[in-house]
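First up is the structure itself, then whatever we jot down about it.
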Amino acid sequence: PQRWLTVLAQAAGFAFLAALSPTALLVAAVYLGSGRPRLTAVCYLAGAVLMTLIIGILVLVALRTGHFERPEQHGPRSGLRLGLGLLMLAAGAVGARRRPTPPDPSRPNKGIVSRLIANPSPLTAVAVGLLVFTPSVTFVAAVQVIATSRASLTLSSVGLILVVIIDVSFVWLPLVFYLAVPDLTAARLTRFNAWLRRRGHFLLSAGLLVAGALLAIDGTVGLISGS
């Protein structure tokens with residue numbers, strides 16, 4: 001049980017990094033301020049969950065099919081972690097050098113996501129959820145922790161569900177708060193979104209650099225020690 005809790009904690013940490021998306025929160029804020037906020041936000045959540053769940057299942061099945069969880073597969077498993085760690089380090093370094101700008105709904109022709117959220121509807125909200133939550137290296141890193149843990153199918157399913165819930169938290173959390181206190185949520189969400197747009201890139205870049213370094217070290221040590 002203690003080992004499984006450690007696995008869940010590691011997976012949750014990577015999933016939290018994957019969830020740090022100013023774009024995801026911006027879209028949630030736009031939809032909660034639309035003409036049909038509840039329906040549109042629920043459809044956005046459905047698209048986000050569908051994308052993350054499909055990708056999570058594919059990664060989990062691929063790693064389990066390759067038997068990455070078995071002790072004798074320490075080489076491929078360590079190589080995978082090293083590769084993911086290096087990708088996270090590269091993403092963190094790029095993010096630290098520039099400040100990404102989330103789509104602006106006031107300029108709908110800037111990109112496909114901006115055009116879709118400029119005209120909110122249940123169908124386009126599902127499409128935006130699918131687009132915004134395309135897989136990231138941090139999400140794959142979270143799933144690989146579960147897939148390589150030698151846990152049972154039931155525990156692996158629970159772990160994957162937890163990762164998905166955390167990954168889409170910037171969608172369902174605003175929705176839950178909006179259903180409870182709509183006026184307060186709208187005001188607080190606007191302020192938090194503005195803060196996240198200013199600081200989110202720094203938090204994400206720092207998290208990617210730290211987590212990437214730890215994952216790369218883990219993979220390197222595994223390759224050198226052969227265990």
Side-chain angles (χ1 to χ4, degrees), residues 12 14-58 91 95 98-140 142-143 160-205 207:
F14 287 125
F16 178 74
L17 284 177
L20 283 177
S21 170
T23 300
L25 190 63
L26 172 64
V27 174
V30 171
Y31 284 157
L32 290 176
S34 65
R36 293 182 289 178
R38 294 174 178 82
L39 177 60
T40 309
V42 167
C43 290
Y44 174 45
L45 176 61
V49 171
L50 180 62
M51 173 59 78
T52 53
L53 192 58
I54 289 175
I55 297 301
I57 291 174
L58 290 176
R98 66 177 183 176
R99 179 176 299 184
T101 302
D104 186 354
S106 66
R107 291 185 289 177
N109 295 322
K110 190 175 181 181
I112 183 171
V113 172
S114 294
R115 291 197 297 268
L116 288 173
I117 65 177
N119 298 289
S121 72
L123 185 59
T124 59
V126 173
V128 170
L130 294 171
L131 290 171
V132 171
F133 284 86
T134 50
S136 63
V137 63
T138 45
F139 179 76
V140 174
V143 178
L160 178 59
I161 291 173
L162 175 65
V163 167
V164 171
I165 290 174
I166 295 174
D167 186 52
V168 300
S169 57
F170 273 15
V171 182
W172 65 263
L173 274 175
L175 177 59
V176 169
F177 285 123
Y178 179 85
L179 294 176
V181 280
D183 295 334
L184 181 61
T185 298
R188 294 292 177 85
L189 188 59
T190 300
R191 287 197 293 268
F192 181 69
N193 184 57
W195 179 87
L196 189 64
R197 292 183 70 176
R198 292 193 305 268
R199 306 295 183 188
H201 75 285
F202 171 77
L203 295 175
L204 180 59
S205 298

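For the numbers below, each heavy atom of this structure counts, side chains included, while hydrogens, waters and symmetry mates do not. For clarity, every value in this text was computed on a predicted model and none was experimentally measured.
The side-chain contact (heavy atoms from CB on, under 4.5 Å) search around Leu123 returns Ser121, not counting sequence neighbours. Looking at residues two or more places apart in sequence or on another chain, you find no ring pair (Phe, Tyr, Trp, His ring centres under 6.0 Å) involving Phe14. In this structure, the side-chain contact (heavy atoms from CB on, under 4.5 Å) partners of Val181, at least two apart in sequence or on a different chain, are Leu184, Thr185. Not a single side chain to side chain donor-acceptor pair (under 3.5 Å) links Thr52 to another residue, sequence neighbours left out. For Ala28, the side-chain contact (heavy atoms from CB on, under 4.5 Å) criterion is met by Tyr44, Pro174, not counting sequence neighbours. Not counting sequence neighbours, the partners of Val49 by the side-chain contact (heavy atoms from CB on, under 4.5 Å) test are Leu45, Val164, Val168.
Atom OG of Ser169 sits about 7.5 Å away from atom CG of Asp167, to the nearest 0.5 Å. Distance check, rounded to the nearest 0.5 Å: CD1 of Ile55 to CG of Leu160 gives 11.5 Å.
Within the structure, no pair that satisfies the side-chain hydrogen bond (donor to acceptor under 3.5 Å, both in side chains) test touches residues 31-41, not counting sequence neighbours.
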Show me the donor-acceptor pairs, under 3.5 Å and distance only, between side chains in residues 129-137 and residues at least two apart or in other chains.
| residue | atom | partner | partner atom | Å |
| --- | --- | --- | --- | --- |
| Thr134 | OG1 | Leu131 | O | 3.4 |
| Ser136 | OG | Thr138 | OG1 | 3.0 |
| Ser136 | OG | Phe139 | N | 3.3 |

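Nearest heavy atom pair, residue Val30 against residue Ile117, reads CG1-O, 3.9 Å. Of all the heavy atoms in Gly56 and Val143, the pair that sits closest is O-CG1, 3.6 Å. The two residues Ala142 and Val163 have their closest heavy-atom pair at CB-CG1, 3.9 Å. Considering all non-hydrogen atoms of both residues, Ile166 and Ala19 come closest at O-CB, 3.2 Å.
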